[in-house]
Amino acid sequence: DLRSEADRLERWAHPGGAEWLPARLLFAWGHFRFRGVIESLRQDWIRFDASGAPLRGWVDLVLRRTN
């Protein structure tokens, strides 16, 4: 079930309560490093188990660079 992983991204993108600014993130892929915030996030689930829990899907992220 991948919902917990996707929910974590949602919380970083849209914090609630007293935290009104999105979390600053470090995206690392090999030697590439990018510091920024999640500007938009879209989830698309394409495979589910018998109970309806998502097993496979796509997450589209748009990151904005921060200083």
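For clarity, every value in this text was computed on a predicted model and none was experimentally measured.
Note on L63: it clusters hydrophobically with W29, by side-chain heavy-atom contacts below 4.5 Å among ILVMFWY residues. F27 and L41 fall within the same hydrophobic cluster, defined by Ile, Leu, Val, Met, Phe, Trp and Tyr side-chain heavy atoms under 4.5 Å apart, directly or through other members.
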Would you please test D7 and R11 for side-chain contact (heavy atoms from CB on, under 4.5 Å) and show each step? CA-CA 6 Å; D7 288 345; R11 285 191 305 276; 3.7 Å; yes

Begin with the C-alpha distance, continue with both residues' side-chain angles, and end with the deciding distance and a verdict on side-chain contact (heavy atoms from CB on, under 4.5 Å) for R35 and L25. CA-CA 6 Å; R35 292 187 190 279; L25 306 172; over 6 Å; no

Go through the steps to decide whether L2 and W45 satisfy the test side-chain contact (heavy atoms from CB on, under 4.5 Å), and finish with yes or no. CA-CA 10 Å; L2 299 172; W45 299 106; 3.7 Å; yes

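Shown here are the salt bridge (Lys or Arg N to Asp or Glu O under 4.0 Å) partners of R65, two or more places apart in sequence or in another chain: there are none. V37 meets the side chain to side chain contact (heavy atoms under 4.5 Å, CB included) test with P22, R24, R64, T66; sequence neighbours excluded.
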For residues 46-59, tabulate all N or O donor-acceptor pairs below 3.5 Å that involve a side-chain atom, not counting sequence neighbours.
residue, atom, partner, partner atom, Å
D49, OD1, S51, N, 3.0
D49, OD1, S51, OG, 2.8
D49, OD1, G52, N, 3.0
D49, OD1, A53, N, 2.9

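To the nearest 0.5 Å, atoms CG (L61) and CD (Q43) are separated by 9.5 Å.
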